[in-house]
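A, B, ... follow the sequence lines: proteins, then strands. Residue 1 opens every chain.
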2 protein chains.
Amino acid sequence: MTGKNETQSASEDSPEWSEIDPQVSELVNDIIGKVADKWTLLILEALDENGVTRFKQLGRFVPGISQKMLTQTLRQMECDGLVQRTIYAEVPPRVEYELTPLGESLGEAFCGVWKWAEQHHAEIEAARQRFAAGRGRA
Amino acid sequence: MTGKNETQSASEDSPEWSEIDPQVSELVNDIIGKVADKWTLLILEALDENGVTRFKQLGRFVPGISQKMLTQTLRQMECDGLVQRTIYAEVPPRVEYELTPLGESLGEAFCGVWKWAEQHHAEIEAARQRFAAGRGRA
DNA sequence: CGGAATCCTGTACGATACTG
DNA sequence: CAGTATCGTACAGGATTCCG
């Protein structure tokens, strides 16, 4: 149980992170690790663009994903509160997925990285070719 | 590969990103995939905080990383132009790593995600427990 | 000290088949 | 249609060892 109240330091909006709790760091890192997953990001984007989407259609929006990973990732995201899963007890069965506010906020947060990638991908490619050309380049 | 031209739906839901090349998307996604790696992020952060750092010391800054992954990740980052590697031909050999401007900009871009994780980790944990408690829970 | 090479294990992921 | 279960493979990544 999480009986422990985290010492929420009153949300001190310190611009510099002079003191970083190692525990929080680990937790944050864990979150990043899961959230930064390739499929998670793609699903997040697909869901963000298309809103409420059914399982199979979602699979179509994410090219190359297997049904296993789709289910698995979706599960994880649901577990973390990023998506909401709605089951309609009808036949044929229909299940719809949509982003929670938390999921949407994550999408926005990642927007910065996305933009960065778009802005700098040329530089990265250039760097790669420079690297491949010969790192011994004096 | 995957050179299929997907039906580009002319959705102008994003005024800023009216035109998104699927190829660019793939590339960006590839970049995200590499950049969002657990070790990459940790090294990025360590380097961002400590500036110029030597190989072994860098390993100390990243708890739990093996020498293999340190080298490997560092290589990748150097290849992508995120870090600069400086070798001093002296004995004992000394190699220093530091972020390139590109690497620093990435750090800033990821700052948003980092902040998101710090702000919402409590919600995530709550969601997890809610999920674990029983998803059948009405 | 920095790092490359080797070995070995856990597991992430895809393909397939089956259920409700 | 949505999802689970099983199996097989490919690869990530840790421990160890050797070289500059």
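- Atom pair B:Arg85:CZ and C:dC1:C1' shows a separation of 13 Å (rounding to whole Å applied).
- For D:dG3, neither phosphate oxygen OP1 nor OP2 lies less than 4.0 angstrom from any side-chain nitrogen or oxygen of A:Arg75.
- Between B:Phe55 atom CZ and D:dG20 atom P the separation is 18 Å, expressed in whole Å.
- A salt bridge between B:Arg75 and B:Glu78 is present, with a side-chain N of the basic residue lying under 4.0 Å from a carboxylate O of the acidic one.
- The shortest distance between side-chain heavy atoms of A:Leu74 and A:Arg85 does not fall below 4.5 Å.
- A:Tyr97 and A:Phe55 have tilted rings, their planes meeting at an angle from 30° to 60° on a 0 to 90° scale.
- Checking B:Gln67 against B:Pro93, the closest nucleotide of DNA chain C that is more toward the 5' end is the one next to B:Pro93.
- Side-chain N/O atoms of A:Lys56 include one lying less than 4.0 angstrom from OP1 or OP2 on D:dC1.
- Protein atom CD of B:Gln76 is 14 Å distant from nucleotide atom C1' of D:dA12, rounded to whole Å.
- In this structure, the CD1 atom of A:Ile87 is 16 Å from the P atom of C:dG20, given to the nearest Å.
- Here B:Tyr97 lies in heavy-atom contact (under 4.0 Å) with sugar-phosphate atoms only.
- Contact annotation for B:Gln72: no contact, since no heavy-atom pair falls under 4.0 Å across all strands.
- Between the NZ atom of B:Lys38 and the C1' atom of D:dC11 there is a distance of 17 Å, given to the nearest Å.
- For the pair B:Met69 CE and D:dT16 P, the interatomic distance rounds to 18 Å; values are reported in whole Å.
- One finds a side-chain N or O of A:Arg54 lying less than 4.0 angstrom from the OP1 or OP2 phosphate oxygen of D:dA2.
- Among the heavy atoms of the strands lying under 4.0 Å from A:Lys68 is at least one base atom, whether or not backbone atoms are also near.
- When each of B:Leu58, B:Ile43, B:Val83 is tested with B:Thr53 by the rule side chain to side chain contact (heavy atoms under 4.5 Å, CB included), just one qualifies, namely B:Leu58.
- For the pair A:Thr73 and A:Met77, the minimum side-chain heavy-atom distance is below 4.5 Å.
- For the pair B:Leu70 CG and C:dG2 P, the interatomic distance rounds to 10 Å; values are reported in whole Å.
- Here C:dC1 is the nucleotide among C:dC1, C:dG3, D:dG13 with the atom lying nearest to any side-chain atom of B:Pro92.
- If you measure from atom CG of A:Asp37 to atom C1' of D:dA12, you get 14 Å, rounded to the nearest angstrom.
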